[in-house]
Each structure stands twice: as C-alpha cells, then as structure tokens.
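Heads up: the structure comes next, in structure tokens.
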Amino acid sequence: MNKRYIHYYIYIGSVLLACLWGQDSSAQVLHGGYFSRHYLYRHDLNPAIGNDTTYVSMPGLGNVNAKTMGNFGYKDVIHDNPLYPNESDKRLTTFMNPYLDNPLEGFSKGNNKVSGQFHVGLLSAGFNGLGGYNTVEINARAMAYAKIPYRLIEFAANTGNQYYDIGDIGIMAQGFAELAVGHSRQIDERLRVGAKMKLLLGIGKASVEMNGVTADLANDQQWTIHGDAQSHVSMKGFNYKSEAKEYEGRGTIYHRVNDVDVNGTGIGGIGLAFDLGGVYKVNDDLEVSASLLDLGFIHWSNDMYAINKEKSFTFDGFHDLSITKEKVTHAKYQMQDYMDQVTDFYNLRDCGDQGGRVTGIGATLNLACEYTLPSYRQLRFGALSSTRLQGKHTWTEARVSANYEPLSWLDGNVSLAANSFTTSIGWMLNFHPKTVNFFIGMDHLMGKFSKEMIPLSSNASLSLGLNFTW
C-alpha cells in the first residue's frame with residue numbers, strides 16, 4: 001500500500017474509511033434481521049437465539065456486512081468547481097473553494113460525525129447439541145469513527161473570521177479478527193439464555209485527538225493554533241516518519257511527523273470478549289429479549305505515541321486544490337498535498353514506543369420486543385433499541401420492523417429506524433429452501449451516487465450471505 005495513503009487513513013482516514021464500502025463491525029450484522037426466524041445470524045445480535053437447523057457457511061461469503069452512518073457525506077465535501085461551469089470542462093472541488101456559494105450548508109452546526117464498520121464471516125457453523133444450540137465462527141472486523149466540530153470545517157473554509165474556537169477533534173480506527181464459540185439453551189418453557197466467548201487477534205488500532213483547539217489570525221498569512229494533540233497507534237511494524245523543520249523562524253530545528261512506515265504485518269495484540277443474552281416468552285404472542293455484546297478488551301504489544309509538544313504554533317491554513325476527475329494521477333498528488341496540510345495542522349512529534357496498552361473494542365446493548373399477530377401468525381412486529389458504547393463515539397438507534405413469512409421457503413421484512421445520525425428505511429429478503437439459505441438486505445438504503453459511483457450520503461448498508469443447511 002502507498003505509504004501516503006496509510007498516513008491518510010491514520011490522520012483523517014476515519015472519514016473516508018467510513019466511505020469504503022467494506023467496513024462494518026460494530027453493527028455486527030443486519031439489525032433488520034433480528035426478528036426474522038430464518039435469519040441464521042441472529043445469534044450475533046443476541047447469543048441466546050438459536051436456529052432450528054444445522055448450517056455451515058460458504059467460506060468468506062456466509063455473512064458479509066458493510067455499514068456507514070453519519071450526518072454529513074460526500075456531497076457536502078465535494079462540489080462542482082464554479083470556475084469550470086461547462087460540462088465538458090467541469091472539475092471537482094472541495095467545500096474550501098472560496099468561489100462556492102453556501103459551501104457549508106450541508107454540515108451540522110454542532111459536531112459532524114461519521115462511522116464506518118465492516119464485518120466478514122470467514123467461516124461459521126451452527127448445530128444442536130450439548131443440550132442447546134452451538135455456534136463456531138471466525139470473523140474479520142474493522143471500524144472507524146470521526147468527530148469533526150463545525151468550527152473546524154468553518155476554519156478550513158476560511159469564512160472570514162480572525163478567530164475560531166474549534167473545540168475537540170477525534171478520529172479512531174481499529175481492526176481485528178475473532179474466533180467465537182457460542183452456546184444457548186432453554187432454561188424453562190419461557191426463558192432462554194446464551195453466551196459467546198471470543199478470542200480476539202488485533203491487527204491495529206489508531207486514534208488521533210486534538211482538544212481545546214483555537215485558531216487566531218496572527219497576520220495576513222499565518223494562523224496561531226492552540227491545542228493539545230496526541231496520536232496513539234498500535235500495529236506491528238508501525239513507525240512514524242519525521243522531517244526537520246524550523247520552529248517559527250527562531251532558528252530552532254525540530255522533527256515533525258509527516259508520514260508513517262509499516263514494515264510487515266501480523267498480530268499486534270491479543271484479547272478476549274464475551275456476548276451475553278436472554279430471551280423471555282411473556283405469552284404465545286409476546287416475547288422480550290436483551291443482549292450485551294463485545295464486552296472485552298485487546299492488549300496491544302506496542303503504543304507508538306506522538307504529541308504536539310508546543311501547544312502554540314503557526315499554521316499557514318487549509319487551501320483548496322481542485323480535483324480533476326479526468327486526471328486520476330493529478331488527484332492523487334492533490335490528496336498528498338491535502339494530507340501535508342493536515343500534518344502541519346496537528347504538528348505532532350514522535351515520542352516512540354510507550355510499550356503495551358489495553359483498549360476496549362466497544363460494547364453494544366440491545367433491547368427488543370416482538371409481537372406475533374394472533375389471527376395471522378405469519379406476520380410479526382418487532383422493536384429493537386441498540387446503543388453502541390464507544391466513549392466519545394457512542395451512538396444509539398431505535399428500529400421497528402414488520403416481518404412476513406408468506407411461504408415456507410421465503411420470508412422478509414421492512415423496517416424504519418432513527419439513530420444518532422439520521423432516519424432510515426431498511427429491508428431484507430431471506431430465501432431458505434431445504435439445503436440452501438441466502439439472505440440480502442439493507443438497514444439503510446444507499447440512495448443516490450455521484451458520477452464517480454460514490455454514495456452521496458454517508459448513510460448506507462448492505463448485508464448478504466450464502467449458507468448450507470440440513
């Protein structure tokens with residue numbers, strides 16, 4: 001991988017990592033499938049839920065999930081360049097272009113957040129035995145979050161103020177593999193419980209935070225930036241790269257982080273996590289359930305630490321570079337220039353490896369109830385509340401769904417949801433003849449795409465899987 005792009009992912013990559021449609025983890029699986037009786041992976045949302053059949057997944061294709069959530073997107077960041085109005089010569093530009101009208105109208109006046117998650121089931125199986133239902137899974141997971149205050153976006157666009165109280169900026173990304181073993185059983189005719197134990201193999205975790213940030217125009221050309229910035233990266237073979245730079249014209253030379261290097265890949269940490277769940281049947285028509293997922297940690301073998309030792313420093317400001325869609329190479333170099341501006345803004349110094357550290361992976365709390373229509377039992381209604389507990393990147397979602405099973409080999413549902421980012425409409429279809437189970441669905445419709453086939457909104461999801469049953 002081009003080292004510039006690794007650098008890009010670490011420093012502002014959570015924003016665009018969330019737009020790479022292969023990232024879903026914290027959502028685990030399709031939330032809209034929680035009440036679909038023939039959806040084989042309901043145990044990933046609540047380990048107390050078992051299946052009626054034995055199944056084995058198609059390797060790498062049994063359970064693939066990608067989801068992004070956010071309150072801003074591509075259409076808010078990238079615009080048509082007004083300096084090239086003709087379609088034959090149209091170029092793209094960012095919201096920082098000074099010739100745009102109302103370039104910030106799509107951004108939230110508070111914090112602008114985006115979240116991207118990825119979950120791939122490499123291999124999975126489920127079977128009855130040992131007095132209950134058992135599951136064995138090998139999964140790959142990744143997630144990224146970013147919190148960008150409106151004042152930072154306003155500062156980047158240089159709206160004419162001479163002082164900006166930006167606030168706190170936070171970016172985090174992590175990836176790991178898991179080996180999970182689960183078991184659920186019926187306690188009595190009403191109560192069913194279950195648990196999973198997960199061995200976690202950490203691939204990498206990176207976070208960048210900058211707190212209490214302000215920008216003050218020192219002269220017509222430079223800003224004085226105040227704030228506390230720090231970066232933690234845990235990844236095998238990872239190192240910062242620095243360049244020598246003079247400190248504010250004083251003749252003092254210091255080394256500022258301007259790139260990264262990764263020599264080799266492998267397991268960077270080992271951890272353990274648990275899923276716990278229960279299902280209680282109130283009567284023949286009403287069922288309630290709850291689960292707590294990903295209650296665990298990863299112990300990383302290294303912590304590559306960087307900090308801005310000078311809390312006050314000069315910065316030339318962000319500058320827009322028009323992105324020419326016809327010239328991919330040119331766009332790549334422009335992205336490098338953007339990232340150079342970002343590293344100037346953070347002004348980090350390499351502090352070396354601080355040794356091992358322990359981090360959580362973010363837990364999820366699910367609460368649900370399901371009602372089956374007494375007069376027509378092929379129709380069920382469900383309500384699911386999900387809360388992702390991830391520190392500064394916590395989010396919640398409430399979803400209601402109608403689930404219909406018209407045929408013995410076909411069922412599906414539609415759902416409506418509201419979360420910390422947006423409202424959404426979801427759907428699912430599940431085909432399950434005797435030996436094959438195939439599902440496809442979305443918790444959020446993808447919506448419109450740009451001419452470059454990039455989703456305009458940061459809210460979308462896609463889940464699908466092929467499994468064999470008997």
Side-chain angles (χ1 to χ4, degrees), residues 14 17-18 23-34 39 41-49 63-69 115-124 126 135-145 172-184 193-207 234 267-279 289-300 357-368 384-397 399 419-420 443 461 463:
S14 297
L17 184 59
Q23 284 100 47
D24 184 294
S25 166
S26 65
Q28 288 270 342
V29 288
L30 185 65
H31 279 195
Y34 191 97
Y39 176 44
Y41 292 95
R42 292 198 298 160
H43 58 78
D44 281 339
L45 289 165
N46 187 331
I49 300 176
N63 185 24
V64 180
N65 303 272
K67 174 180 284 188
T68 62
M69 298 185 294
S115 164
Q117 307 106 30
F118 180 53
H119 177 286
V120 174
L122 302 177
L123 189 63
S124 179
T135 57
V136 179
E137 302 171 89
I138 302 175
N139 302 313
R141 301 172 57 181
M143 61 192 73
Y145 306 91
M172 187 279 288
Q174 68 175 330
F176 55 89
E178 65 179 14
L179 171 61
V181 178
H183 177 78
S184 67
V193 298
K196 278 186 185 180
M197 183 176 68
K198 304 176 179 180
L199 175 65
L200 308 178
L201 304 177
I203 305 303
K205 180 167 185 175
S207 64
S234 297
I267 298 174
I270 296 178
L272 192 66
F274 294 90
D275 294 352
L276 305 172
V279 178
S289 58
S291 62
L292 183 60
L293 311 177
D294 292 333
L295 191 63
F297 66 93
I298 296 178
H299 180 273
W300 302 96
R357 64 169 177 155
V358 176
T359 65
I361 61 174
T364 299
L365 175 64
N366 290 323
L367 302 173
L384 172 65
S385 169
S386 298
T387 301
R388 180 67 178 177
L389 306 172
Q390 190 77 37
K392 295 180 179 179
H393 307 287
T394 294
W395 55 262
T396 60
E397 179 182 86
R399 181 177 297 272
N419 57 45
S420 302
D443 280 337
S461 82
S463 299

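Nothing here was measured: the structure is a model prediction, and the numbers come from that model. Residues take their numbers from the sequence shown, with the count starting at 1.
Side-chain N or O atoms of Asp275 include none that pairs as donor or acceptor with a backbone N or O of Asn46 at under 3.5 Å. Using modelled atom types, no side-chain atom of Thr364 and backbone atom of Leu293 make a donor-acceptor pair closer than 3.5 Å. Checking side-chain atoms of Asn366 against main-chain N and O of Ser291 turns up no donor-acceptor pair under 3.5 Å. Of the possible polar contacts, one joining the Ser420 side chain to the Thr396 backbone as a donor-acceptor pair under 3.5 Å is found. Panel note: side chain Arg141, backbone Glu178; no donor-acceptor pair is recorded below 3.5 Å.
Taking CH2 of Trp300 as the reference point, atom CD1 of Ile203 lies at 7.5 Å (rounded to 0.5 Å). Going from atom NE2 of His183 over to atom NE2 of His43 covers 14.0 Å, rounded to the nearest 0.5 Å. Note that the OH atom of Tyr39 and the CG atom of Asn63 stand 5.0 Å from one another [nearest 0.5 Å]. If you take NZ on Lys67 and OG on Ser461, they are separated by 5.5 Å, rounding to the nearest 0.5 Å. Distance check, rounded to the nearest 0.5 Å: CG of Asn139 to CG of Leu200 gives 10.5 Å. With values rounded to the nearest 0.5 angstrom, Thr359 atom OG1 is found 3.5 Å from Lys205 atom NZ.
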List the steps, then state whether side-chain contact (heavy atoms from CB on, under 4.5 Å) holds for Met143 with Phe176.
CA-CA 9 Å; Met143 61 192 73; Phe176 55 89; 4.0 Å; yes
Does the pair Asp44 and Glu137 meet the rule for a side-chain contact (heavy atoms from CB on, under 4.5 Å), with working shown?
CA-CA 10 Å; Asp44 281 339; Glu137 302 171 89; 3.0 Å; yes
Verdict with supporting geometry, Leu199 and Ile270, side-chain contact (heavy atoms from CB on, under 4.5 Å):
CA-CA 8 Å; Leu199 175 65; Ile270 296 178; 4.1 Å; yes
Would Leu272 and Phe297 count as a side-chain contact (heavy atoms from CB on, under 4.5 Å) if you check the C-alpha gap in whole Å, the side-chain angles of each, and the deciding distance to 0.1 Å?
CA-CA 6 Å; Leu272 192 66; Phe297 66 93; 4.3 Å; yes
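Looking only at side-chain heavy atoms (C-beta outward), Asn419 and Arg388 stay at 4.5 Å or farther from each other. By the 4.5 Å heavy-atom criterion applied to side chains, Lys198 and Ile361 are not counted as neighbours.
Closest heavy-atom contact between Gly182 and Lys196: CA-CG, 3.5 Å. Shown here for Ser386 and His31, the closest heavy-atom pair between the two residues is OG-CE1, 3.4 Å. Summarising the geometry of Gly277 relative to Pro47, their closest heavy-atom pair is N-CG, 3.6 Å, with the distance given to 0.1 Å. Across all their heavy atoms, Ala195 and Leu276 have their closest contact at CB-CD2, 3.9 Å. Of all heavy-atom pairs between Gly32 and Asp443, the closest is N-OD1, 2.9 Å. For Val29 against Leu45, the heavy-atom pair with the smallest separation is CG2-CG, 3.4 Å.
Under 3.5 Å, the side chains of Asn65 and Ser463 contain a donor-acceptor pair of N or O atoms. In the model, Ser289 has a side-chain atom that pairs as donor or acceptor with a side-chain atom of Tyr34 under 3.5 Å.
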